[in-house]
Amino acid sequence: FGFFPYRQKWRKNEVTYRIVNYTNDMKQADVDAAIERALKVWSDVIPLTFTRLREGEADIMISFAVEDHGDFLPFDGPGGVLGHAYPPGPKINGDVHLDDDETWTEDKSGVNLFLAAAHEFGHSLGLVHSSDTKALMYPLYNTNTDLTKFHLSQDDIDGIQSLYGYPPSSPDDPVPPTKSTEQEKPEKNPATCDPNMSFDAVSTLRGEMLFFKDKYFWRKSINSIEPTLYLLSAFWPSLPSGFDAAYELTTQDMVFVFKGNKFWAVRGNDIQPGYPRDIYTLGFPRTVKKIDAAFFHKEKQKTYFFVNDIYWRYDEKSHSMDHGFPRQIATDFPGVDQKIDAVFESFGFFYFFSGSSQIEFDPNAKMVTRTLKSNSWFNC
Amino acid sequence: YPLNPAAIAGKLSMDRVQKYLEDFYNLEKNVKQFVRRKDSSPVVAKIQEMQRFLGLQVTGNLDDDTMEMMKKPRCGFPDVSS
């Protein structure tokens, strides 16, 4: 899936639509029904609702037209292009134009209006074409689609939910495709307030906190009570999921993420050229196959890397490992004696995550000050 | 140039192929006859980009599978835009 530049989306949940004119190929009532069903495909999986207007300017103006119809994108007669649509926004944006040189039908004897319109509404909501051949947003009209059991593919759902989140039921409930089929088991979204929650990695990012888990991450900003769940691929499509470790090098506005013996540098949405690199370029011995956790200690300009029960300290100014490392974690962080999944620093404390527990460590007093639930930051 | 086989009725003409790549894959518009430049690297790269996006074997040639795919009805929105 993909988005328009700047991830254009409707900045409201109530979106209006209007059927401006009708094709002669179908009864008006059948056109109304097909359009309504096509909108429902999307409203079933996101918090948006669609309200029909009978006159005036609606967000999504749906019209049938032929050849040149005034938007510099003339249609091409029967076959070929069936329609097009514009990304969310004012005036022509959001609108759907359907080529009335096609034969529009309720079934598949011609071009099925429901299916073509549902695709175009994906654009009206902010999705571009997908290269997933099973996706509704794949650019070619799929004559084999089973209209009686239609459902969005996981790619469509992942894409649109990355823009708008989940429908009103709590984000903990997984939202399967509109009709799940045997071969596509909807993947369960992680439940934000699961008391047994554990994380793959955590990091700060420009004042926010990121909690990574499988192909998801929660973003938590200081001024919001609750976190928001996103798909990794919505921000960094080319990064692998299931990170081992991540840390923010605040002095360079960079986040480094680690998986296996590779690591990437990310600034905002952009993965830096020349990555991934081997972790051995940082000075790790070949015996190290992966990093468990890492954080940057701004005060000392040092980055700490944790591997099993030992840790290294890396000097971000000289770009080299400090001498005398690795050292035992328990020696220098008394009370931190479990295997660490993730770690970050906040307000002068170090937070070590191990399974569903989180250990708050005061580096000045050199002692554990609190033991918390890993997802205590989510204010469950 | 001999009549291009693709010009046979029922197949996609080179003009249609050129317009497809321009409309949907952001091929730079060029007045030079497409059939003379369809093997040039920019065009081959665009054909490969299209084949990759649509899930075809990436050959860079206008093989039958590719031509068939380009004949299918579709959405008018670009697959790759500037």
Side-chain angles (χ1 to χ4, degrees), chain A residues 1-5 65-67 69 71-87 95-99 101-104 108 110-112 115-124 126-145 155, chain B residues 4 6-31 34-35 38 43-82:
Chain A
F1 59 86
F3 308 115
F4 289 98
V66 294
E67 304 287 346
H69 52 282
D71 67 355
F72 302 108
L73 282 175
F75 284 137
D76 55 359
V81 170
L82 305 177
H84 53 228
Y86 293 85
D95 292 359
V96 169
H97 298 166
L98 298 163
D99 184 352
D101 274 331
E102 311 306 331
T103 303
W104 295 101
K108 295 201 306 191
V111 179
N112 180 267
L115 193 55
H119 171 100
E120 298 307 336
F121 291 140
H123 294 312
S124 303
L127 293 181
V128 294
H129 283 151
S130 167
S131 54
D132 179 334
T133 54
K134 295 198 304 291
L136 174 64
M137 293 316 289
Y138 184 70
L140 304 192
Y141 175 77
N142 183 353
T143 50
N144 301 322
T145 302
D155 179 82
Chain B
N4 185 290
I8 298 167
K11 288 200 172 185
L12 273 182
S13 70
M14 281 298 115
D15 289 350
R16 284 280 304 279
V17 170
Q18 175 174 350
K19 184 159 181 3
Y20 196 100
L21 293 173
E22 288 170 353
D23 287 351
F24 304 124
Y25 286 87
N26 198 32
L27 174 68
E28 178 205 328
K29 295 195 190 300
N30 184 317
V31 292
F34 184 73
V35 72
K38 71 178 173 59
V43 173
V44 167
K46 283 299 176 186
I47 292 171
Q48 289 171 333
E49 188 174 17
M50 170 183 63
Q51 290 170 328
R52 195 172 298 116
F53 192 94
L54 295 180
L56 292 163
Q57 195 185 349
V58 180
T59 63
N61 306 317
L62 292 170
D63 48 56
D64 287 352
D65 282 355
T66 302
M67 298 294 259
E68 271 314 299
M69 205 64 138
M70 294 170 78
K71 284 165 55 183
K72 289 188 175 184
R74 57 162 292 149
C75 171
F77 197 83
D79 299 340
V80 169
S81 58
S82 57

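Note that the structure is a prediction, hence the values are computed from the model and not measured. Letters go in sequence order (proteins before strands), and every chain restarts at 1.
A search for ring-ring contact (aromatic ring centres under 6.0 Å, His included) contacts involving A/Phe121 returns nothing, not counting sequence neighbours.
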Check: every donor-acceptor pair under 3.5 Å linking chain B and chain A:
unit_1	atom_1	unit_2	atom_2	d
B/Leu54	O	A/Tyr138	OH	2.6
B/Pro73	O	A/Tyr141	N	2.9
B/Arg74	N	A/Gly80	O	3.0
B/Arg74	O	A/Leu82	N	2.8
B/Cys75	N	A/Pro139	O	3.0
B/Gly76	N	A/Gly83	O	2.6
B/Phe77	O	A/His129	ND1	3.4
B/Pro78	O	A/His129	ND1	3.4
B/Asp79	OD1	A/His129	ND1	2.6

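Contacts of B/Met69 with chain A are made by both backbone and side-chain atoms, with heavy-atom separations under 4.5 Å. For A/Ala85, the part lying under 4.5 angstrom from a heavy atom of chain B is the backbone only. Neither the backbone nor the side chain of A/Leu73 comes within less than 4.5 Å of any heavy atom in chain B.
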Derivation of the side-chain contact (heavy atoms from CB on, under 4.5 Å) call for A/Val81 and B/Phe24: CA-CA 11 Å; A/Val81 170; B/Phe24 304 124; 3.7 Å; yes
